[in-house]
Amino acid sequence: MRRRTGATSYSLTLWTLLLLTVAATVTAELENNSSSASLFWSTAKEEEDLLRKTEPNDDSSATSVVSDHDQLDGGFSSLDGMLQWAIGHSDPAKLKETAQDVQRLSPSELKKRQMELKELMEKLKIPSDAQLMQIAIDDLNNSSLSLEDHHRALEELLILVEPIDNANDLSKLGGFAVLIRELNHPNMDIRKISAWILGKASQNNPFVQKQVLDLGALSKLMKMVKSSFVEEAVKALYAVSALIRNNVAGQELFYAEAGDLMLQDILSNSSIDIRLRRKAVFLVADLAECQLENIHKVELPFFSNRLFLKSVVDLTASADLDLQEKALVAIRNLLQLRTTEALVLRDFCGLDTALERLRQQLQDLMQEEYQRDYAMDLEALRKEVELVFHRRLGSKGSNMIG
């Protein structure tokens, strides 16, 4: 019986030892990666730095690094996980020495250490995504915090809003009003990331789209599209696209804010950054597709505006294949609208000449091995556009697809 009691006492002591080791090790990690908001607050930059600090030489060490990163990033899912991690990061000699020290503790000292450990464990509880988002919002509302802390809070939100449920929760927490306020921030990076979060949260999410539109974000974002800072303009147009995608009410607001002129200005200006032009023509294709899906709605004049159509057709002459592909998709969708006139596309926009020029370019690219597959896909799309175009030219009055 006494031996059994001794074994139990030793197990308890070892358990305490391991937990104390965890406490010491985790505390050290937290002190090295501290932040103003939370014990388990981490940023994308810190995550990358952590991975860079330990460069694995083989598959086993790579697995270890990923495992460590996962635990430090979100906390530990169980005590067992903490123990495994602590053992793996402890010096065996020091571990044995500490075990002997712990065994010499009196019952009252051991009790005291256990209470200290319990308090620490309470602090190490894993917060929910909603709690983390609330922390970030509180940081953004705290004017006494540094610009770096505000930037860190936004980066955390950028990661957290990815799941649709989190995006919905962010609305309930009042996060969108805070983000829209940040669109007026004097710092470009703060404005850029705020727009990025709004776009990511709104993507294919009608509930969030409505919340953000009702808060008046669209007009601010459209002004940001004209920013001289390219990164800010790109993220703002991304957010605009996400807000009005498959959203008729949002599109009506977009047109009321002269969104069609904004798109035409971007498409017709070859000096504008290529990423902005890609997003603009992608949005044109999306708006035309939405119009096709809502055939009962009157087609807006800008869809058939010859200058606008020419700005889209001219993109096919770009050296950027991605831009050419997006332009072809937009032309294909525009050709299927009732008010689009094929004769205008031929005589004013030179679509037939543009398609032939593109055919010759793609034929040359097919001779290059690393470009062949993509060129073949693009040629298939070009042929589809050409077919629709010729059908429109051959139809009565050039107003209906035959």
I want to check something: taking the side chain as every heavy atom from C-beta on, are [X] and [Y] in contact at a cut-off of under 4.5 Å?
X      : Y      : value
Leu358 : Leu328 : yes
Leu387 : Glu384 : no
His185 : Leu147 : yes
Lys310 : Val312 : no
Asn294 : Val248 : yes
Leu323 : Thr316 : no
Asp260 : Leu300 : no

Rounded distance (nearest 0.5 Å) linking atom [atom1] of [X] with atom [atom2] of [Y]:
X      : Y      : atom1 : atom2 : result
Leu283 : Arg278 : CG    : CZ    : 16.0 Å
Met133 : Ile159 : CE    : CD1   : 13.0 Å
Glu341 : Arg306 : CD    : CZ    : 8.0 Å
Ile274 : Ser271 : CD1   : OG    : 11.0 Å
Leu140 : Glu156 : CG    : CD    : 11.0 Å
Leu213 : Ile244 : CG    : CD1   : 9.0 Å

With sequence neighbours excluded, what pairs up with [X] under the side chain to side chain donor-acceptor pair (under 3.5 Å) test?
X      : answer
Asn187 : none
Tyr374 : Glu325
Gln361 : Gln324
Gln363 : none

Judged by atom type as modelled, is there a donor-acceptor pair below 3.5 Å linking the side chain of [X] to the main-chain atoms of [Y]?
X      : Y      : value
Gln209 : Ala242 : yes
Gln371 : Leu365 : no
Asn142 : Ser144 : yes
Thr340 : Leu334 : yes
Arg277 : Ile272 : no
Arg392 : Leu335 : yes
Ser202 : Gly199 : no
Gln336 : Arg332 : yes

Original post:
Taking only residues at least two apart or on different chains, which pairs with a member in residues 365-383 satisfy salt bridge (Lys or Arg N to Asp or Glu O under 4.0 Å)?
Top reply: Glu379-Arg382, Arg382-Glu386
Taking all atoms of both residues into account, what is the closest heavy-atom pair of [X] and [Y], and its distance?
X      : Y      : result
Leu237 : Ala280 : CD2-N, 3.8 Å
Met262 : Met222 : SD-O, 4.1 Å
Ser311 : Leu267 : OG-CB, 3.8 Å
Ser304 : Thr339 : CB-O, 3.5 Å
Ile295 : Arg338 : O-NH1, 3.3 Å
Leu154 : Ile197 : O-CD1, 3.3 Å

Original post:
How far apart are the C-alpha atoms of Leu276 and Lys279, what are their side-chain angles, what is the distance that settles it, and do they pass the side-chain contact (heavy atoms from CB on, under 4.5 Å) test?
Top reply: CA-CA 5 Å; Leu276 206 59; Lys279 290 188 181 300; 5.5 Å; no
Subject >> Whether over 12 other heavy atoms sit under 6.0 Å from Lys220 NZ >> reply: yes
Original post:
Is the number of heavy atoms from other residues, nucleotides or ligands within 6.0 Å of CE (Met376) greater than 12?
Top reply: no
**OP:** Determine, for Lys200 against Glu162, whether the closest basic-nitrogen to carboxylate-oxygen distance falls under 4.0 angstrom.
**Re:** yes
Original post:
Going by atom types alone, do Ser106 and Glu109 pair a side-chain donor with an acceptor below 3.5 Å?
Top reply: yes
Original post:
Do Ser194 and Glu182 have side-chain atoms, one donor and one acceptor, less than 3.5 Å apart?
Top reply: no
**OP:** For residues 141-177, pull every pair meeting ring-ring contact (aromatic ring centres under 6.0 Å, His included), keeping only residues two or more places apart or in separate chains.
**Re:** none
**OP:** Output every pair passing ring-ring contact (aromatic ring centres under 6.0 Å, His included) with a member in residues 249-291, not counting sequence neighbours, ordered by first then second residue.
**Re:** Tyr255-Phe302
With sequence neighbours excluded, residues passing side chain to side chain contact (heavy atoms under 4.5 Å, CB included) with [X]:
X      : result
Asn305 : Gln264, Leu307, Phe308
Asn141 : Ile137, Val178, Arg181
Glu231 : Lys192, Lys235, Arg275

What side-chain donor-acceptor pairs closer than 3.5 Å can you find for residues 285-293, not counting sequence neighbours?
| residue | atom | partner | partner atom | Å |
| --- | --- | --- | --- | --- |
| Asp286 | OD1 | Arg245 | NH1 | 2.4 |
| Asp286 | OD2 | Arg245 | NH1 | 3.4 |
| Gln291 | NE2 | Lys297 | O | 3.1 |

**OP:** In sequence, state the C-alpha distance, the side-chain angles, and the governing distance for Asn333 and Val284, and then conclude on side-chain contact (heavy atoms from CB on, under 4.5 Å).
**Re:** CA-CA 9 Å; Asn333 292 351; Val284 169; over 6 Å; no
Residues 164-171, side-chain donor-acceptor partners within the protein, below 3.5 Å, at least two apart:
| residue | atom | partner | partner atom | Å |
| --- | --- | --- | --- | --- |
| Asn166 | ND2 | Asp129 | OD2 | 2.9 |
| Asn166 | ND2 | Leu160 | O | 2.8 |
| Asn168 | OD1 | Asn205 | ND2 | 3.1 |
| Asn168 | ND2 | Ile164 | O | 3.4 |

**OP:** Mind running salt bridge (Lys or Arg N to Asp or Glu O under 4.0 Å) on Arg152 and Glu148 for me, showing each step along the way?
**Re:** CA-CA 6 Å; Arg152 185 184 297 115; Glu148 182 182 359; 3.3 Å; yes
